[in-house]
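Down below is the structure, laid out as structure tokens.
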Amino acid sequence: MNVVLPDKSKIELVDGSTVADLAKKISEGLYKRAIAAKVNGNIVDLSYKLNENDEVTILTDKDAESLDILRHSTAHLMAHAVQQLFPDVKVTIGPVIQDGFFYDFDTNKPFTEDDLVKIEERMTELSKKDIKIERSEIDSNEAIKKFSDMGENYKVEIIQDIGESKISLYSQGDFTDLCRGPHVPSTGHIKYFKLLSVAGAYWRGDEKNKMLQRIYGTAWFKKSDLDEYINRLEEAKKRDHRKLGKELELYGTFDEIGSGLICWMPKGAKVRSTIEDFWRKEHYKNGYELLYTPHIGKATLWNTSGHLDFYSENMYSPMDIEGQNYFIKPMNCPFHIMIYKSKNRSYRDLPLRWAELGTVYRYERSGVLHGLLRVRGFTQDDAHIICAQDQIESEINEVLNFSLQIWKTFGFSSIKGYIATRPAKSVGDDSLWMAATNSLMNSIKQSGIEYELDEGGGAFYGPKIDLKVKDAIGREWQMTTIQFDFNLPERFDMTYVDKDGKEKRPYMVHRALLGSLERFFGVLIEHYAGAFPFWLAPVQIKIMNISDEQAEYCISLGKKLKENGFRVELDLRNEKIGYKIREAQMYKIPHMLVIGSQEKDNNLVTVRLRNGENKNNLDFSDYFSVINEINTNRSINLWR
RNA sequence: GCUGGCGUAGCUCAAUCGGUAGAGCAGCUGACUUGUAAUCAGCAGGUUGGGGGUUCAAUUCCUCUCGCCAGCUCCA
């Protein structure tokens with residue numbers, strides 16, 4: 001028989017040959033590195049029996065698909081080890097996830113950290129034995145009986161759910177698991193892995209079901225890849241905004257105040273006010289008007305908006321004010337709409353772009369709270385664009401460009417879009433959805449942003465674009481959202497009078513560029529690892545004298561800089577310069593002015609940059625022009 | 001909310017078998033007047049997250065509660 005290789009060449013094999021036979025025939029080296037194969041587009045094991053004219057691509061550890069196979073096999077290896085060590089434990093499922101895998105076990109005794117070590121050791125032993133991993137197919141009734149006898153009722157449930165007459169099993173030594181496969185040919189291929197954590201997880205992700213014990217792990221083909229991954233985790237840990245937020249005194253939360261409620265400390269507040277100033281300026285420049293609205297509103301308002309029907313789970317209990325129920329706001333939109341409705345609107349008024357740094361409160365379950373990234377009270381950089389149909393596309397264009405420009409300024413250049421279209425359960429005419437979705441598509445195409453389509457992923461009230469930004473270590477964060485709303489204009493009966501004198505319904509778009517200031521700040525901290533660019537740094541310049549003699553000169557320098565709006569601190573303590581530098585360095589202050597007698601006597605400054613570089617004996621005026629430049633340009637560099 | 005882990009000085013951490021809490025940094029005071037990531041000495045700092053229980057005795061064991069961490073679930 002003949003099979004076809006990727007280069008279209010044919011190779012002859014004896015009937016009944018497997019992929020492994022083919023690999024061996026091509027070269028011994030290929031056979032050794034072979035993990036699996038793609039036959040007519042399907043990924044199969046090396047033991048797969050080939051047929052006449054099959055198109056075969058042998059997958060080695062170089063192929064992307066192989067990594068998933070390896071990780072899946074590692075999950076099995078882990079289950080194998082767990083079953084040997086804890087015979088009472090029932091196995092459930094063990095899929096591959098990004099960068100690794102997990103396996104869920106049903107056990108009465110949760111795994112401890114020590115157990116993880118033991119399991120890992122056993123896995124290594126099993127790997128060293130290089131046990132063959134063999135596939136077999138059996139009748140599903142037979143399989144059900146087999147797993148029932150073993151007491152593996154989860155497997156029985158899975159087989160019944162699959163509903164096929166035949167199912168495949170994978171065996172390695174004394175361990176057999178139900179699995180679609182494919183797998184690496186033997187446990188010896190699994191060398192570089194690490195078990196990372198253990199946590200509870202519900203069977204089938206349903207909190208009504210029993211909670212299982214999930215062990216997470218990672219696996220790689222090369223030791224260097226594993227090491228690099230572990231490094232990446234450590235790097236992420238170093239950048240953790242919760243750690244840096246505390247070290248750099250940026251923000252705090254307090255048991256006494258409540259969880260998920262953020263206090264911005266002086267240093268964090270300086271960054272925030274810089275962000276806000278920039279934000280306001282840019283919004284005015286881009287044709288927005290700013291609004292301020294209250295934090296609470298009557299129940300009737302939230303009834304009209306529909307929030308009490310469909311969002312009440314996220315809203316806090318009402319407070320009674322003179323017999324009326326008031327709710328603290330989870331969103332700003334109803335307030336903006338009331339302002340819209342405060343007078344008759346003409347087509348001449350449109351588009352309206354109304355923005356507000358609006359602080360909202362939403363109930364989040366205690367278990368989901370996370371630093372600045374998931375909180376109960378936060379300030380959205382919210383805006384509502386109210387426009388006519390013929391304006392929607394240009395409005396979306398502008399929002400996208402505006403957003404890109406803002407992200408660029410903050411030092412994020414890699415951005416990806418996700419367009420979510422109409423879900424099954426939704427409100428609004430098809431024509432509205434069509435027009436809006438088209439405008440989103442056209443705009444994102446024009447913007448040049450790489451994007452994906454999320455069919456049916458829109459909110460019930462309209463389609464949306466979400467933007468994810470990539471940070472300095474390649475993690476993606478969902479920040480910007482641009483959403484059409486066909487619900488609220490209807491509910492509040494928003495109208496404008498068009499050219500023809502008829503009342504029409506405007507389009508309404510919600511958008512948040514940064515998302516929320518809290519979340520954005522968290523991401524910003526992680527992106528810069530706390531070392532903010534000059535224009536954002538809470539303390540931009542620290543002036544330090546060598547000895548008392550230069551104190552006055554330092555004070556006069558500080559005064560000049562402060563008068564010009566720079567954020568400056570002085571360190572005139574009787575300490576060695578090394579001590580002062582170390583402290584400023586730990587606070588990641590961009591510029592340190594080191595002032596000794598040389599500088600003082602000649603009206604100069606010596607600048608030590610955060611990166612350790614020195615700019616010696618500059619005229620103050622030269623230094624001043626440099627910092628003015630990098631500050632007004634919002635440069636991400638420490639020097640021009 | 002659920003499962004598991006954790007909670008000791010402002011911060012980072014220690015305390016044997018249950019025997020009544022200790023260090024570094026930070027803070028304060030003093031000396032040193034200093035040239036690129038920690039000068040020296042002294043002082044002070046704690047209801048061991050909170051409540052209840054077991055015990056002659058609890059940071060330690062039990063229990064409730066609050067908070068944090070990992071994940072699940074949730075994010076119309």
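Reckoned from all heavy atoms, side chains included, excluding hydrogens, waters and symmetry mates. To find a chain, count down the sequence lines: A is the first, B the second, and so on, and within it residues start at 1.
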From A:Phe335, A:Phe310, A:Tyr326, residue fulfilling ring-ring contact (aromatic ring centres under 6.0 Å, His included) relative to A:Trp302: A:Phe335
side-chain contact (heavy atoms from CB on, under 4.5 Å), that's the test. Do A:Met508 and A:Phe486 meet it? Break it down for me. CA-CA 7 Å; A:Met508 178 169 163; A:Phe486 305 134; over 6 Å; no
If I pick the [atom1] atom on [M] and the same atom on [N], what distance separates them, to the nearest angstrom?
N	M	atom1	result
B:G42	B:G49	C1'	32 Å
B:C11	B:U16	C1'	27 Å
B:C62	B:U55	C1'	12 Å
B:A15	B:C75	C1'	44 Å

Strand contacts (RNA chain B) in residues 507-522 of chain A, 4.0 angstrom heavy-atom criterion: none
Mind running a 4.0 Å heavy-atom check of residues 536-544 of chain A against RNA chain B and sending the residues that fall below it, in number order? none
Mind checking what makes ring-ring contact (aromatic ring centres under 6.0 Å, His included) contact with A:Phe111, not counting sequence neighbours? A:Phe86, A:Phe105
Residues forming a ring-ring contact (aromatic ring centres under 6.0 Å, His included) with A:His384, sequence neighbours excluded: A:His336, A:His510
Pick base, sugar-phosphate or nothing for [X], based on heavy-atom distances below 4.0 Å to the nucleic acid.
X	answer
A:Thr253	nothing
A:Lys246	sugar-phosphate
A:Gln213	sugar-phosphate
A:Ile577	sugar-phosphate
A:Glu549	nothing
A:Thr112	nothing
A:Gln478	nothing

Before we go on, tell me: are the rings of [X] and [Y] under 6.0 Å apart, centre to centre?
X	Y	value
A:His591	A:Tyr623	yes
A:Tyr461	A:Trp433	no
A:Tyr154	A:Trp203	yes

Using residues 247-267 of chain A as the side-chain source, report each donor-acceptor pair under 3.5 Å to any protein atom, sequence neighbours left out, with the distance given to one decimal.
| residue | atom | partner | partner atom | Å |
| --- | --- | --- | --- | --- |
| A:Glu247 | OE2 | A:Lys243 | NZ | 3.4 |
| A:Glu249 | OE2 | A:Tyr587 | OH | 2.8 |

Pairwise N/O distances under 3.5 Å, protein to nucleotides 61-67 of chain B:
| residue | atom | partner | partner atom | Å |
| --- | --- | --- | --- | --- |
| B:G67 | O2' | A:Asp255 | OD1 | 2.9 |

Between A:Ser547 and A:Tyr363, which is nearer to the 5' end of RNA chain B once each is assigned its nearest nucleotide? A:Tyr363
Between the protein and nucleotides 23-30 of chain B, list every N/O to N/O distance that falls short of 3.5 Å.
| residue | atom | partner | partner atom | Å |
| --- | --- | --- | --- | --- |
| B:A26 | OP1 | A:Tyr579 | OH | 3.1 |

Test applied, side-chain hydrogen bond (donor to acceptor under 3.5 Å, both in side chains); reference residue, A:Glu364; option that passes from A:Arg374, A:Arg376, A:His370: A:Arg374
Check: protein-nucleotides 8-10 of chain B nitrogen or oxygen pairs below 3.5 Å:
none

For A:Glu207, check salt bridge (Lys or Arg N to Asp or Glu O under 4.0 Å) against everything at least two apart and list the hits. A:Arg365
With a cut-off of under 6.0 Å to the ring centre and 45° to the axis, is A:Arg71 in cation-pi contact with A:Phe101? no
For A:Lys425 and A:Phe460 the tightest heavy-atom approach is O-CB, 3.4 Å
In plain terms, say whether A:Lys155 and A:Asp177 are close enough for a salt bridge, that is, a side-chain N and a carboxylate O under 4.0 Å apart. yes
Under a 4.0 Å N-O cut-off, is there an ion pair linking A:Arg239 with A:Glu526? no
Mate of B:G35 where both pairing distances stay under 3.5 Å, Watson-Crick or G-U: none
Under the salt bridge (charged side-chain N to carboxylate O under 4.0 Å, His left out) definition, can you give me all pairs with a residue in residues 586-605 of chain A, not counting sequence neighbours? none
Sort and list the pairs that fulfil salt bridge (charged side-chain N to carboxylate O under 4.0 Å, His left out) and have at least one residue in residues 570-580 of chain A, not counting sequence neighbours. A:Asp571-A:Arg573, A:Arg573-A:Glu583
What orientation do A:Tyr103 and A:His76 show, parallel under 30°, tilted 30 to 60°, or perpendicular over 60°? perpendicular
Under 4.0 angstrom between A:Lys243 side-chain N/O and B:C11 OP1 or OP2: no
Take nucleotides 70-76 of chain B nucleotide by nucleotide from the 5' end and write B, S or -, depending on whether a protein heavy atom sits under 4.0 Å from the base, only from the sugar-phosphate, or from neither. BBBBBBB
